[in-house]
Amino acid sequence: MNENLFTSFASPTMMGLPIVTLIILFPSMLFPSPGRLINNRFTSIQQWLIQLTSKQMMLIHNHKGQTWTLMLMSLIMFIGSTNLLGLLPHSFTPTTQLSMNLGMAIPLWAGTVAMGLRHKTKASLAHFLPQGTPSPLIPMLVIIESISLLIQPMALAVRLTANITAGHLLIHLIGGATLALTNISMITALITFIILILLTILEFAVALIQAYVFTLLVSLYLHDNT
């Protein structure tokens, strides 16, 4: 129990060299391109889920927004698989790093804003000043709307980081408590172990939900700017 709670969130190294890049590239191996005329069950289920998610997410978009379909589907598959792999014992979850999540959020957010300024210039600039605003409030509202726009990628990254990190910390704490209670009371340790199993199942759901929420918010930002 003396181990630092945040040790598992440190970037892993091998022989002094960081291996985060290899860990980030590993989920892409789980989604091979089908090269057969008749796919197996795993590939068929995978393609069905991707088509279902893409239809639901891209339904509100026009033609310009639908050009982002491949990027958004790749994003949700990457975040979801990374979160799930991070639940394995002695593994590392890249999405617990705020720097990585900002690296995903800022370019995607900037791309949606750039599309809005290019294709809907007047409508995009109109968001900074709602119609009918009294003249004395114009400078304050422009500043507030600018801050709310600039904070969007930070909110995306912090939301994903906080949810994944909190789940891992809870599993770590309850797992340590279960081991400590085995020498004190087996009944209490058994109850704690059941709670740990239920929490692990919940974390599997959270891993997929957070991937969907992150991608959905990027999709909504894209919809507002196309």
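Small disclaimer: the values here were computed from a predicted structure and weren't measured. These numbers come from the heavy atoms of this one structure, side chains and all, not from hydrogens, waters or symmetry mates.
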Only pairs under 3.5 Å count here: list side-chain donor-acceptor contacts from residues 149-159, not counting sequence neighbours, and write none if there are none.
from, atom 1, to, atom 2, distance (Å)
Q152, OE1, W109, NE1, 3.2

Hey, could you give me the [atom1]/[atom2] distance between [X] and [Y], rounded to the nearest 0.5 Å?
X	Y	atom1	atom2	value
L59	S54	CG	OG	10.5 Å
H119	K64	NE2	NZ	4.5 Å
N83	I164	CG	CD1	4.0 Å
L52	M57	CG	CE	10.5 Å
T53	L72	OG1	CG	11.5 Å
T112	H223	OG1	NE2	13.0 Å

Side-chain polar contacts of residues 189-218 - donor-acceptor pairs under 3.5 angstrom, sequence neighbours left out - could you list them?
from, atom 1, to, atom 2, distance (Å)
T192, OG1, T188, O, 2.8
T200, OG1, L196, O, 2.8
T215, OG1, A211, O, 2.9

With hydrophobic residues grouped by side-chain heavy-atom distances under 4.5 Å, do [X] and [Y] end up in a single group?
X	Y	result
L173	L179	no
I144	V142	no
L49	L84	no
I171	L181	no

*Can you name the closest pair of heavy atoms from M58 and W68 and give their distance?*
CE-C, 4.5 Å

*asked:* I need the minimum non-hydrogen distance between T96 and T161, along with the two atoms involved.
replied: O-CG2, 3.4 Å

*Any side-chain heavy atom of L87 within less than 4.5 Å of one from H168?*
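Yes, their side chains come closer than 4.5 Å.
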
*Are Y221 and L108 side-chain neighbours, meaning at least one heavy-atom pair lies under 4.5 Å?*
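They are not in contact (no side-chain heavy atoms under 4.5 Å apart), so the answer is no.
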
*Who are the side-chain contact (heavy atoms from CB on, under 4.5 Å) partners of Q66, not counting sequence neighbours?*
H61, T69

